[in-house]
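Remember, it's 1-based here, ligands and their atoms both numbered in the order they're listed.
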Amino acid sequence: MKDYTSIEKAFPGLNKEYRFAKLEEKGAQRNPFEQFAQWLGDAVKANVSKPNAMIVSTVSAKGMPSSRVLLLKGFDEHGFVFFTHYTSPKAEDLKTTPRASLVFFWPQQERQVRITGKIKKTTRQESVDYFRGRSDDAKLASWISAQSRTIKDRGALEEKLEATRRKFKGKEIPCPEFWGGYRLFPTDFEFWQGREYRLNDRLLYRKTLRGWKIQRLQP
Ligand SMILES: Cc1cc2nc3c(=O)[nH]c(=O)nc-3n(C[C@H](O)[C@H](O)[C@H](O)COP(=O)(O)O)c2cc1C
């Protein structure tokens, strides 16, 4: 095999200078949700694939961290919402440690956003409202999957899908009790913008009793 011990040598051109934009205190939004909306909008405009994909990290009762990609489905001044199975490993983690971290990475913009905070389930009504807007296939997929449990093979999954399709034929597919949303209530946001000479811009927004305090972090 070729020598990959240094990926910079194995793939010349891998490490480009960051030159896309800057993030300075003057131009930044005072409200981190507004700043986030602006950056997400930039990623959408640039046709980034899955710009709302985020890495969500949770911690188990034993202190073991785990991370996975989820899609952000909405946010407002209170928090960031995603949907999943309430019987999944991440949901088990959130039962004992209701805190999480989110990371968005938009490589074309040379940007990262890190968000941390407490987590709560969305209301049942919010989950039901969101579920209603999903396609029938997505609804059925939520019903048949015992998320992250093992299964014999793909055929067994397809059989479950067909049986569930028959069960709900001609009826509205309801939102399963074991499926729904979580909302992360941020206490910290860090916006990272790649800059020339590795002097990257990093602004930390921390929630205080008097509103959001903004501080610059060293690269
Ligand atoms: C692009 C992408 C989007 C995903 N979106 C979701 C999602 O919104 N909800 C979800 O439960 N899983 C989603 N997944 C699957 C999760 O990454 C993960 O496999 C699953 O939630 C099980 O996680 P857990 O075993 O840690 O609970 C997505 C995966 C990818 C790659």
Side-chain angles (χ1 to χ4, degrees), residues 33 36-37 39-76 78-158 160-161 164 168 173-186:
F33 290 96
F36 179 81
W39 277 19
L40 178 60
D42 288 344
V44 172
K45 257 186 260 151
N47 288 322
V48 165
S49 167
K50 303 221 183 297
N52 59 331
M54 56 187 182
I55 295 160
V56 179
S57 302
T58 55
V59 180
S60 75
K62 290 186 175 157
M64 180 63 82
S66 68
S67 305
R68 77 288 289 156
V69 176
L70 301 177
L71 294 179
L72 176 69
K73 288 297 178 174
F75 68 96
D76 58 19
H78 303 295
F80 287 75
V81 173
F82 58 86
F83 292 92
T84 192
H85 288 250
Y86 286 151
T87 54
S88 65
K90 73 181 90 50
E92 282 303 310
D93 286 359
L94 291 171
K95 255 187 225 161
T96 49
T97 312
R99 288 181 286 276
S101 109
L102 314 179
V103 178
F104 293 84
F105 176 43
W106 297 303
Q108 285 92 323
Q109 286 68 37
E110 297 149 357
R111 286 172 176 167
Q112 169 183 251
V113 183
R114 299 163 71 185
I115 301 169
T116 47
K118 291 193 177 157
I119 290 233
K120 275 193 189 153
K121 279 184 179 172
T122 55
T123 63
R124 172 77 182 153
Q125 194 57 49
E126 283 178 282
S127 301
V128 168
D129 288 346
Y130 173 74
F131 192 83
R132 273 206 196 106
R134 303 184 92 201
S135 67
D136 277 2
D137 282 343
K139 287 177 179 169
L140 290 172
S142 306
W143 269 101
I144 64 144
S145 171
Q147 194 175 51
S148 301
R149 306 271 152 70
T150 57
I151 188 156
K152 187 164 76 53
D153 54 23
R154 189 169 178 94
L157 261 184
E158 285 169 3
K160 276 217 268 183
L161 178 66
T164 313
F168 291 117
I173 305 166
C175 177
E177 291 287 343
F178 56 79
W179 189 96
Y182 287 96
R183 177 175 280 108
L184 182 138
F185 298 84

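- Using modelled atom types, no side-chain atom of Arg183 and backbone atom of Gly181 make a donor-acceptor pair closer than 3.5 Å.
- Residue-to-ligand polar distances place Val69 within reach of ligand 1: an N/O pair is separated by less than 3.5 Å.
- A cation-pi contact, defined as under 6.0 Å to the ring centre and within 45° of the axis, is absent between Lys73 and Tyr130.
- Considering backbone and side-chain N/O of Ala91, none are found under 3.5 Å from N/O of ligand 1.
- A ring-ring contact (aromatic ring centres under 6.0 Å, His included) with Trp179 holds for exactly one of Tyr86, Phe83, Trp143; it is Phe83.
- Looking at atom 19 (O) of ligand 1, its nearest protein heavy atom turns out to be Arg68 CB, 4.9 Å.
- Taken from NZ in Lys139 to CZ in Phe168, the straight-line distance is 10.5 Å, to the nearest 0.5 Å.
- On a distance-only criterion, Gln147 and ligand 1 share at least one N/O pair closer than 3.5 Å.
- Remark: the backbone N or O of Ala141 is not paired with any side-chain donor or acceptor of Ser145 at under 3.5 angstrom.
- Asp76 places a side-chain N or O within donor-acceptor distance of the main-chain N or O of Gly79, the cut-off being under 3.5 Å.
- At least one heavy atom of Phe83 sits closer than 4.0 Å to an atom of ligand 1.
- Under 4.0 angstrom from ligand 1, there are no non-hydrogen atoms of Ala53.
- The shortest N or O to N or O distance between Lys90 and ligand 1 is under 3.5 Å.
- Summarising the contacts of atom 12 (N) of ligand 1 with Leu70, Thr58, Leu94, the nearest heavy atom is found in Leu70.
- Close approach to Lys50 involves these atoms of ligand 1, each under 4.0 Å from a residue heavy atom: 1 (C).
- In terms of N/O distances under 3.5 Å, ligand 1 is approached by Thr84.
- For ligand 1, the atoms closer than 4.0 angstrom to any heavy atom of Ser148 are 22 (C), 23 (O), 24 (P), 25 (O).
- In terms of modelled atom types and a separation under 3.5 Å, the side chain of Thr96 and the main chain of Asp93 share a donor-acceptor contact.
- The nearest heavy-atom contact from the protein to atom 8 (O) of ligand 1 is Leu71 N, 3.3 Å.
- The protein reaches atom 24 (P) of ligand 1 closely, with a heavy atom under 4.0 angstrom from it.
- For Arg114, the CZ atom is loosely surrounded, since the number of other residues' heavy atoms within 6.0 Å does not exceed 12.
- Under the 30°/60° scheme for interplanar angles, the aromatic rings of Phe80 and Phe36 are found to stand perpendicular.
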